[in-house]
Amino acid sequence: MKKTKYEALADSLLRKINRGVYPGSKLPSMSAIAKEYAVNLQTANRAVKFLEQQGIVTCFAGKKGTVINAARATLSEVGKTGSSSFMVDQVFSSPVRNRLRFLHNYFNDNMQSCFKECARRFTQRYPWTEIEIIPIDTLKRIENDEIPYDTVLLNGRDVSPFARKGHFFKLKDYPELAEICEEEFFPGIWKNCRVKNDLYAVPFSWSVPLAAERGKESAFSWQTPEIAQRHPGSFNIGFYSLICLFLGEPFQLDLLPEKKQVFHELLAFIRKLCVSPDGELLFWDNPAALRSFNVKKNNFIYGYYSNINTIIGREKDWHYSVLPPCPRGVNIMVSECLAVNARTKLLPESLLWLKLLQSREAQEIFMQQSCFLPIRKAMAAQLPEELVKCLEQASLNAVHPKLSSEGLYRLYSAVYPLLARCFSGELDEDETVSLIIELLHEEIVLDHLNI
C-alpha cells in the first residue's frame, strides 16, 4: 500500500534520527521541517505527531521543542524494515521491568537533581531499567541489610571494610571500568577502589584540604596560627586529617609513643587557633559555623575543597592555596566510590549505571555544582587555573585515610570530649596525649578486624 505524504515524511525523519543527523536529541521546528521537505505545515505536523504516537519523539510546548527517544527510534526502524522479528510495540507497551536501587549519602538538593538527570538519561538509553535514587543517612543501614540495594556511592575509606565482609562484587571481569583507563585520572584516585589487588569499586569524586582566603595575602601558618585570628574565618579540618598533616600516614603503631612531642605541637596549634580563653572550642570543624559562614564578612576558610566551595562558590575575590603539611606530615585525599552489591540480581544494569556515572557525560552534569571535582584530569581544564595547580600539587602528596567512617566515628566520639576536658584545664596535657595515642592504637587495630 502506498504511503501517505506524512507517513513518508515520518519515515525520512526516522532515518535521519537514527543516523544522528539531529544534534541535542531534538527535532527541528515544524516550520523548519516543512521548509526542508517542501510540504505544508499541516503535513509536517502530522508526520511528527505520527512519530509521537509510536513513542519515537515527545512534543513539548515552548522552547523545549520535540525531544527524541533514541532507543525507541532505533528499535522502531529495525522492526519496520523486517530485518528482525523483534516485537517493538510489545516491548514498549509493557512497563519497565527492572528497577535498580542506587544508594548515596548526598542530601544536597542540587546534587540530588544531578543524579535524577543521570537516571533519566540512563533509562532513555536502556529503557528496560529505571533507577530508584535513595539517599541514606548512615552506612550501618547497608551493613545491617535495612535497605536492599544494587549499587551504592560511598566514601572510599569504607570500600575496604565492606569488601572484606563480602558486601561488594569484584569488578575484575569488567575491564572498561578498571585500570586500563587509570592514566586519565588524577593521581591516587583509584587507590581506595582495590583490596588486595582486587577491584571492588570505581572512583566518582574526590577532595583535598585547601586554604581559601579573601585577597592575595595568606594568613595561614602552622607555627603561628594565631595570625589567622586577626581575620574572621573558619577552620574545618577534622582531627584525623590534622594528625596526618602533623605526623604522616599511615600510622606505625610501634612509633606512636615516640611521637608524643608532635601531639603536643598539634594540641598547641588547636589551642592557639580554635580555643577561646575559657577553653571553649570555637570555629573548628563546626557544621553550624559552616552554615552561618558569610563570604562577605569572613576572610579565610581552611578545609576540604568540597566543603569550601559549597560555601564560597565562585566568589571572584577569594583565592586558593595548598594547605601545606608539616615537615613530617602528608596531605589527605578523600574520595567517593561506586560499588555493586555482591547479591544484586541486576548485575549488567548495575555495571552500566556505574559506567554512566563515571563517564564524562555524567561528570559534566555534576560539574555544574561548585562542590564537585571531576576525576578525569582533562576535565579540570574547566576549573580556574589557580585551583588546578593547587589540586595537582596536593594530590601528588596526598594519601587516603586508613580508618573507615565507623572507625572515625568511634575515634571522634572519644577524642573530642577529651580535647574539651584538656582545653578547659580539667585534664593534664601529657595525660591527654597519652590517651589520644591509646585511642588511635585501639581504633587502628579494631578498624582492620576482618569480621
Side-chain angles (χ1 to χ4, degrees), residues 1-100 113-133 176 346 348-349 351-353 355-365 368:
M1 182 184 296
K2 186 178 180 180
K3 292 187 176 182
T4 64
K5 187 179 288 188
Y6 78 84
E7 287 175 329
L9 175 54
D11 282 350
S12 179
L13 291 172
L14 177 58
R15 286 193 296 272
K16 283 192 173 184
I17 288 171
N18 284 321
R19 292 204 308 271
V21 171
Y22 301 118
S25 299
K26 291 173 65 174
L27 283 182
S29 66
M30 302 290 185
S31 57
I33 291 172
K35 184 177 180 180
E36 179 184 354
Y37 285 90
V39 297
N40 60 42
L41 195 58
Q42 184 181 10
T43 301
N45 185 64
R46 289 190 69 183
V48 173
K49 290 298 181 183
F50 183 69
L51 293 176
E52 186 175 36
Q53 290 169 9
Q54 300 175 65
I56 295 168
V57 300
T58 304
C59 299
F60 295 93
K63 293 183 178 179
K64 194 168 182 181
T66 305
V67 178
I68 295 167
N69 181 339
R72 175 69 198 233
T74 302
L75 292 174
S76 294
E77 190 166 36
V78 168
K80 174 179 68 63
T81 59
S83 59
S84 169
S85 59
F86 198 86
M87 300 301 292
V88 176
D89 290 334
Q90 181 181 342
V91 171
F92 280 91
S93 64
S94 302
V96 174
R97 294 171 295 174
N98 294 330
R99 173 169 292 191
L100 187 149
S113 67
C114 292
F115 284 120
K116 289 180 179 178
E117 173 59 19
C118 289
R120 185 191 70 79
R121 296 190 186 194
F122 184 88
T123 299
Q124 187 179 53
R125 191 172 301 173
Y126 311 110
W128 66 90
T129 304
E130 65 181 24
I131 308 295
E132 183 178 1
I133 301 169
E176 288 82 358
L346 300 175
E349 291 79 9
L351 294 172
L352 289 171
W353 175 239
K355 185 176 181 181
L356 176 70
L357 287 179
Q358 201 196 38
S359 70
R360 284 190 64 107
E361 176 186 356
Q363 296 263 310
E364 291 280 2
I365 294 171
Q368 304 307 311

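- Residues meeting the salt bridge (charged side-chain N to carboxylate O under 4.0 Å, His left out) test with K16, sequence neighbours left out: E36.
- Looking at residues two or more places apart in sequence or on another chain, you find a salt bridge (charged side-chain N to carboxylate O under 4.0 Å, His left out) between E361 and R121, R125.
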Step by step, would you call R120 with E117 a side-chain contact (heavy atoms from CB on, under 4.5 Å)? CA-CA 5 Å; R120 185 191 70 79; E117 173 59 19; 2.8 Å; yes

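- When all heavy atoms of M30 and N45 are compared, the closest pair comes out as CE-OD1, 3.6 Å.
- To the nearest 0.5 Å, atoms CD1 (I56) and CG (L14) are separated by 5.0 Å.
- The structure places CD1 of I68 at 9.0 Å from CG of L13, a figure rounded to the nearest 0.5 Å.
- In this structure, L346 and R99 approach most closely via the heavy-atom pair CD1-O, 3.5 Å.
- If you take CG on L356 and CG on L351, they are separated by 13.0 Å, rounding to the nearest 0.5 Å.
- Nearest heavy atom pair, residue E130 against residue T123, reads CA-OG1, 3.4 Å.
- Expressed to the nearest 0.5 Å, how far CD1 of I131 lies from CG of L357 amounts to 8.0 Å.
- Using a 4.5 Å cut-off on side-chain heavy atoms (C-beta onward), K49 and C59 make contact.
- Counting heavy atoms from C-beta outward, T43 and T4 have side chains that stay 4.5 Å or more apart.
- For the atom pair OG of S113 and CD1 of I133, the computed distance is 9.5 Å after rounding to the nearest 0.5 Å.
- Interatomic distance, CD of E52 versus CG of N69, reported as 11.5 Å (0.5 Å rounding).
- For the residue pair C118 and A362, the shortest heavy atom distance occurs at SG-CB, 3.8 Å.
- For residues 33-55, the set of pairs meeting the ring pair (Phe, Tyr, Trp, His ring centres under 6.0 Å) definition, not counting sequence neighbours, comprises Y6-F50.
- What you find for I33 and P28 is that their closest heavy atoms are CD1-O, 3.7 Å.
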